[in-house]
Amino acid sequence: MIVHVALPIPVTKAFSYFAPDEWGPCIRKYSRVAVPFHNKTLTGFVAGFEEGTGPGLKEIIEVLDPFPLLTAPLEDLVEWASRYYVAPPGVVLKCALPLTLHIERYLCVRANARSLGSLDSMPLRKALKAAGKIALLHHLREGSATLFDTLTGADFLPADTIGGDGAGGEKTLYAGEISGRLERYLQLIAAHLEKGNNVMMLLPDYFSAGAYFYRALSAAFRDRVFWYGSSIPLKKRMEAYFRARQDHGCLILGNKSAVFLPVNRLSCIVVERDEEDEYRNEEGFRFNPPAVAIQRAGIERTGLFIGSASPSIESYHRAREKGFIFIDSKWPVDRHFDEHIHEVIAKSYGALLEELVATANKALERGESVAVFTPRKDYGSFIQCAECKKPFLCPRCEGALNYQKETGRLTCNNCAGDFTFKEQCSYCGGNIIRFGQIGAEYIEEHLKGALPQYPVVRFSGDAGKKRAKPPLPSGKQPYVLIGTQPLSKLYDVHVHTLVLFGWEDMRRMAGYRSDEKMFHVLINLLDALTPREVFFFMDSRKKVDPSSLFDMEAFYRDELNKRKTADFPPFTRAFLVEVVKKTKEAGLPVVKKIKDALAQQGLFDHITGPLVQRKKAYRWKMILKGNDEILYQTLLEIYDMPGVRIEVDPPNI
DNA sequence: AGCACGCCGACT
DNA sequence: GTCGGCGTGCTC
């Protein structure tokens, strides 16, 4: 027989192989198979099969999963995701059926017929050899033998026998503060677990918000909470896998690939902070787990509960359009933040820093702690010689450089270049260096110098991913905490005064979503740190009125109106097409090919982005907008062109 | 994605 | 005269 195999490589077509006819019963849709490719072995997924022999086809080496691993609704979900995210099925399946999961290693045979007594409790691998693959499979199908896993001891159910009751469920969007969210999650999850159902919950990260929720949920549902994710050891992950698949009354937590887990008796999916960019899967298959979860809840007809202090525009829009129960706790209004907003406007960083010291000092003297948010984590960028005014540019690509004082490195945003910083201008030799943009490191240094009697702590999540908490002083001693966006996840940290420094710069950092991002950052900082007073420190030339962000209802309404008028998501889909080539000559034909392919479909007008040129690696960015039905075939064609990357729903354009 | 093949610069 | 850079193309 001929088997079509979807391989986990960025090529849209499937590859065909030959398999002996007697393997027929083992070959199921999306079974993992080992196949020769180039001169090595690759694991792919069965996409289809047919009778016959093809000339020159190589032979499949082995069928790794003789039983289906995906439930029918999950197959639909994978196919939806493959199309929606313009990714080959093999690439999606690699994420849904990780090759590191050696399920068979944890499976043993349970003999239900006396004649098979010799196989009882035998590891699956051994039993396959002892009884023969085809014979054992026959027993498994007849029920004279079953499988169980050694981690939970429960029966290993074939994927096509597991699933929810499809009873449907409420879809809820809850906009509320952390304590309200946690309370609702606890109630909701308890109700589902009591019925013997399983609940899946997505969290935006593992170490920060994830750890906070894991603690709270584990305390409430002892021994019933399991993490599934790449951050935990394989054996624990496997246990979560088997619990999800065959146990009941379990809460399965995860943040990315967990959305594709087969879950028996799944009755509700919970998504915390759906708007977080951290949900974006970076490696290989780029997808947004909350979006997939929403689709899954629809396909499997489970309940869906999205909770956030500031839901994404997409969720808000969807909730309104698709008849979600929408609960707005109106918490920013209840807390009367608008009575405690202070604007501090100045023409230079020097003046703002002086004001910052005074503001912090006032709070500290009263015994109150201060948090300073800034959008940049480094020491500074837009580096310039004070004498000759020449900027420090990346020697490789002439892009703008960022200076990290801690490591003494200059890094380039464009080409990811990394250089040693010298406090000397390469043109005139001057050694007075200015920074056009300052970040958390700079502010930390300045405050440490100006407020030596108080602890000043800097926290930017990526400094050490495993460190979920900043090293704050214990006891009642007031402190200053400086950081970037990870500050908004410190649900255990509370300050009296929140200062947003250089906050208005976020407006230029995220394209059409910049206002939304500012909104999310502000709202989540208020939610986590519960400040009593909020200061907006802004450059007088770039000041942004923050008051509109406190009226959430008005914010969503206005933002959606703007998006509708400008024809942006969620009203139109957006695709970012990037062409990266070493030389300009190599890139231009590809760009032309893309333009031609679009023009043929009458889609030329969808190119809205300018062509951006870089020195070392040449890079072209095109933003395509439109209905994916019209674009899809063209996008597939573009996908297979060398040096092209497509990103669906790009968050930063 | 990998990996092989192929064409231009600094070396014993 | 070769070694090795990466740029291009192919993989059932």
Side-chain angles (χ1 to χ4, degrees), chain A residues 1-21 23-24 26-64 78 81-82 85-100 230 256-257 280-287 396-397 415-417 576-594 596-597 613-620 635-648:
Chain A
M1 64 196 298
I2 298 170
V3 182
H4 307 292
V5 179
L7 293 170
I9 57 173
V11 173
T12 54
K13 69 168 186 171
F15 291 80
S16 304
Y17 292 86
F18 169 79
D21 285 339
W23 285 19
C26 301
I27 291 172
R28 300 292 203 88
K29 194 175 185 187
Y30 297 148
S31 288
R32 293 180 294 186
V33 288
V35 294
F37 192 74
H38 267 313
N39 356 337
K40 51 177 209 139
T41 305
L42 221 60
T43 304
F45 310 91
V46 174
F49 38 85
E50 58 186 275
E51 293 298 306
T53 49
L57 292 187
K58 290 191 182 176
E59 193 172 323
I60 287 185
I61 296 167
E62 199 188 349
V63 181
L64 301 166
V78 163
S82 165
Y85 288 106
V86 199
V91 172
V92 180
L93 286 159
K94 189 188 174 186
C95 180
L97 299 170
L99 310 171
T100 47
S230 50
K256 285 174 187 155
S257 57
R280 191 159 54 131
N281 193 41
E282 289 291 345
E283 68 263 12
F285 170 43
R286 291 166 180 253
F287 70 104
R396 256 170 46 191
C397 74
C415 67
L576 174 67
V577 177
E578 264 186 297
V579 178
V580 184
K581 286 279 175 181
K582 274 278 159 65
T583 64
K584 197 168 149 187
E585 293 69 34
L588 283 172
V590 180
V591 174
K592 186 168 178 343
K593 250 170 91 182
I594 294 172
D596 289 347
Q613 201 185 72
R614 301 280 149 84
K615 257 224 162 151
K616 177 85 181 185
Y618 285 80
R619 188 185 296 258
W620 293 260
L635 284 170
L636 278 186
E637 217 178 290
I638 292 171
Y639 184 95
D640 279 328
M641 294 177 189
V644 178
R645 220 195 65 196
I646 296 178
E647 187 170 345
V648 171

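All chains are named by letter (A, B, ...) in the order of the sequence lines, taking the proteins before the strands, and each is independently numbered beginning at 1.
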Q | Nearest-0.5 Å distance that lies between atom CZ in A/F18 and atom CE in A/M1 | A | 9.5 Å
Q: Report the secondary structure of DNA chain B in dot-bracket form, marking unpaired bases with a dot and bases paired to a different strand with |, and treating Watson-Crick or G-U pairs with both distances under 3.5 Å as paired.
A: |||||||||||.
Q.
Are A/V35 and A/T41 packed together at the side-chain level, in the sense that at least one heavy-atom pair is separated by less than 4.5 angstrom?
A. no
Q. At what distance, to the nearest 0.5 angstrom, does CD1 of A/I646 lie from CZ of A/R286?
A. 12.0 Å
Q.
Quick check on A/K256: does its NZ atom have over 12 non-hydrogen neighbours (other residues, nucleotides or ligands) under 6.0 Å away?
A. yes
Q: Not counting sequence neighbours, which residues clear salt bridge (charged side-chain N to carboxylate O under 4.0 Å, His left out) with A/E62? List them please.
A: none
Q: Sugar-phosphate atoms are those with a prime plus P, OP1 and OP2; base atoms are the rest. Using that split, label each nucleotide of nucleotides 5-12 of chain C B, S or - for protein heavy atoms under 4.0 Å, 5' to 3'.
A: --SS-BBB
Q: Mind listing the closest non-hydrogen atom pair of A/I60 and A/V3 along with its distance?
A: CD1-CB, 3.7 Å
Q | Smallest separation among heavy atoms of A/D640 and A/P10, with atom names | A | OD1-O, 4.2 Å
(Q) If I compare all heavy atoms of A/A87 with all of A/F285, which pair ends up nearest, and what's the gap? (A) CB-CD1, 3.8 Å
**Q.** Rounded interatomic separation in angstrom, taking CZ from A/F45 and C1' from B/dA1
**A.** 14 Å
